[in-house]
Number of protein chains: 2
Amino acid sequence: MTSTSIKLSAIKTACKTCSLHDLCLPLGLDLGDIERLDEIVKRSRPLHKSEYLFNSGEKFTSIYAVRSGSIKTFTESEQGDEQITGLYLPGELIGLDAIHDNQHPCSAIALETTSLCELPFDSLEELSSQIPELHRQLFRIMSKEIAGDQSLLMLMAQKSADERLAAFLVNLSSRLKARNFSETEFNLTMSRKDIGNYLGLTIETISRTFSRFQSEGLLSTQRKYVNIHKLGELKELAGITDHCTTPDCPSKTA
Amino acid sequence: MTSTSIKLSAIKTACKTCSLHDLCLPLGLDLGDIERLDEIVKRSRPLHKSEYLFNSGEKFTSIYAVRSGSIKTFTESEQGDEQITGLYLPGELIGLDAIHDNQHPCSAIALETTSLCELPFDSLEELSSQIPELHRQLFRIMSKEIAGDQSLLMLMAQKSADERLAAFLVNLSSRLKARNFSETEFNLTMSRKDIGNYLGLTIETISRTFSRFQSEGLLSTQRKYVNIHKLGELKELAGITDHCTTPDCPSKTA
DNA sequence: CGCTCACTTGAAGCAAATCAATTAGTGTGG
DNA sequence: CCACACTAATTGATTTGCTTCAAGTGAGCG
């Protein structure tokens with residue numbers, strides 16, 4: 001199971017050749033630094049759909065970067081109700097919320113077949129104290145996560161069902177675009193139930209809202225497949241300030 | 001206005017004698033390190049009520065630690081509606097969400113007379129690369145902020161008005177307790193309107209809920225003054241998992 | 001004293017939740 | 001390959017918790 005060294009050379013993935021280069025940690029690092037980073041990265045077999053990456057309460061040891069696929073994180077209250085707290089796409093980092101008390105406050109599960117890079121935190125921390133630019137990059141990423149959560153909060157607090165779903169789709173669209181996927185045609189890896197949970201709505205409301213969007217010609221859906229016809233209108237509905245946390249964010253260019 | 005050096009010695013506040021020692025950055029640092037931290041800290045005149053600390057869109061230069069008083073942060077959408085994103089008490093750090101794109105995504109305003117420590121980020125970053133423990137502490141604090149936002153999210157997504165207000169009060173209570181204030185008697189520095197906005201509810205709902213809590217004997221209020229009579233019941237209402245981000249969090253001791 | 005502003009309380013309206021019934025996919029074993 | 005169960009999603013009818021609208025109260029202040 002843990003026969004890493006042999007397979008590694010076979011897979012031959014490396015930060016410097018990774019297509020997520022400019023989304024993930026290596027942004028702004030020089031070649032030598034990237035090689036040092038590469039040395040601490042562990043790459044294991046991909047997770048299948050519904051497999052756990054870690055469980056709530058587990059000891060925190062590593063940060064994970066999504067290489068392909070997608071992951072959802074969620075917390076569970078003792079009443080048993082579950083709240084999805086994050087959806088992670090390729091190039092995004094999972095586990096940043098676990099640093100402060102050394103255990104994961106949420107569980108993480110694969111929404112589809114997903115491969116990851118594991119970054120043992122001790123090594124990452126040590127390396128980042130030697131490479132100031134890595135250090136800065138880590139701060140930036142954590143800061144971005146904070147800012148992203150806060151705009152999601154804003155969404156929850158005072159948006160209607162329509163606005164929430166629109167914002168969710170627009171956000172997903174722009175994140176996919178930044179990863180060179182289509183911004184208008186994609187597959188939702190989350191179920192209606194998950195989306196509802198994530199947005200603080202019921203499955204019925206999500207379903208109805210999708211139906212209405214479709215009858216209004218904004219988009220068409222077929223189960224998990226979504227085709228956005230009027231991205232502009234959807235953005236407007238979402239409140240334009242598409243609570244985006246992506247590099248292509250319009251507010252950045254301002 | 002910026003005649004700092006003279007006044008500084010007069011005020012004579014220093015991290016090592018600060019009562020917030022174990023809440024703020026110096027946690028776990030040795031005396032020598034604290035002195036080095038002290039050298040980069042700027043302490044200016046206190047802010048009066050309703051004065052701005054910084055404005056949304058402003059260039060990010062410093063992190064601020066609250067020494068006394070309280071600060072609220074909020075974002076404003078182009079439609080003009082405002083969303084409060086944070087309430088900061090003594091010992092807490094403001095501005096962590098601004099690191100990633102070098103400008104503040106929200107505005108910060110004093111809720112009462114408030115004094116702060118300003119930590120120029122460049123210096124802090126440099127110092128933290130020299131002091132591993134400071135480095136670690138910064139990560140912990142940012143991580144805690146992420147985890148805190150996520151539980152607030154959970155609150156918004158699937159809690160009733162009662163549960164939200166209860167959770168808010170319980171959270172405030174435990175944070176005040178950690179600062180050696182009473183956990184049952186305190187003044188709300190936020191108005192009903194602000195509380196409503198923060199929790200995604202209207203001012204009327206907040207008012208009604210307070211009235212009901214009072215008639216049920218859970219607490220009594222007189223304008224901003226709150227006296228909690230049955231903290232236990234309130235905690236239960238809040239869902240026990242008091243989305244706490246404080247050192248005395250029960251889940252920590254588990 | 002009368003003004004304003006923050007808060008309280010009541011009544012009506014509405015968006016989303018809940019309850020309920022169907023339909024469409026997915027998987028399983030005969 | 002087809003019947004079977006099982007889950008995901010859709011659609012409709014009803015209920016409800018919160019908002020909105022509206023009026024009133026009380027504290028603080030010139």
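Sequence lines set the chain letters: A, B, ... in the order given, protein chains first and strands last, and positions in each chain run from 1.
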> Restricting to side chain to side chain donor-acceptor pair (under 3.5 Å), what partner residues turn up for B:Ser143, sequence neighbours left out?
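Per chain and number, B:Ser143 pairs via side chain to side chain donor-acceptor pair (under 3.5 Å) with A:His100.
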> Kindly calculate the angle separating the two end axes of the helix from C:dC1-D:dG30 to C:dG30-D:dC1, each obtained from five base pairs, and round it to 10 degrees.
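Answer for the end axes of this duplex: 30°.
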> Please tabulate, one pair per line, each protein N/O and nucleotide N/O from nucleotides 5-8 of chain D that are separated by under 3.5 Å, including the distance.
none

> For A:Thr73, check side chain to side chain donor-acceptor pair (under 3.5 Å) against everything at least two apart and list the hits.
A:Thr85
> So, using side chain to side chain donor-acceptor pair (under 3.5 Å) as the criterion, who are the partners of B:Ser160 when residues are at least two apart?
B:Glu163
> Can you pull out every salt bridge (Lys or Arg N to Asp or Glu O under 4.0 Å) where at least one residue sits in residues 215-229 of chain B? Sequence neighbours excluded, please.
none
> If you restrict it to nitrogen or oxygen atoms, what contacts under 3.5 Å exist between nucleotides 18-23 of chain D and the protein, and what is each distance?
{"residue": "D:dC18", "atom": "OP1", "partner": "B:Ala161", "partner atom": "N", "Å": "2.7"}
{"residue": "D:dT19", "atom": "OP1", "partner": "B:Thr202", "partner atom": "N", "Å": "3.3"}
{"residue": "D:dT19", "atom": "OP2", "partner": "B:Thr202", "partner atom": "N", "Å": "3.4"}
{"residue": "D:dT19", "atom": "OP2", "partner": "B:Thr202", "partner atom": "OG1", "Å": "3.1"}
{"residue": "D:dT19", "atom": "OP2", "partner": "B:Thr205", "partner atom": "OG1", "Å": "2.2"}
{"residue": "D:dT20", "atom": "O4", "partner": "B:Arg208", "partner atom": "NH2", "Å": "2.9"}
{"residue": "D:dC21", "atom": "N4", "partner": "B:Glu204", "partner atom": "OE2", "Å": "3.2"}

> Tell me which donor-acceptor pairs under 3.5 Å the side chains of residues 54-65 of chain A have, and how far apart each pair is, sequence neighbours excluded?
{"residue": "A:Asn55", "atom": "OD1", "partner": "A:Ser107", "partner atom": "OG", "Å": "3.4"}
{"residue": "A:Glu58", "atom": "OE2", "partner": "A:Asn55", "partner atom": "N", "Å": "3.2"}
{"residue": "A:Ser62", "atom": "OG", "partner": "A:Glu118", "partner atom": "OE2", "Å": "2.8"}

> If the condition is side chain to side chain donor-acceptor pair (under 3.5 Å), which residues does A:Ser211 pass it with, not counting sequence neighbours?
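So A:Ser211 forms no side chain to side chain donor-acceptor pair (under 3.5 Å) with any residue.
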> Can you pull the contact range of chain B along DNA chain C, 5' to 3', using atoms under 4.0 angstrom from its heavy atoms?
C:dA6 to C:dA11
> List the residues meeting side chain to side chain contact (heavy atoms under 4.5 Å, CB included) with A:Phe181, not counting sequence neighbours, and say none if there are none.
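Residues passing side chain to side chain contact (heavy atoms under 4.5 Å, CB included) with A:Phe181: A:Leu176, A:Arg179.
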> Write out all pairs satisfying salt bridge (Lys or Arg N to Asp or Glu O under 4.0 Å) with one or both partners inside residues 194-204 of chain B, taking only residues at least two apart or from two chains.
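Sorted pair list: B:Lys72-B:Asp194.
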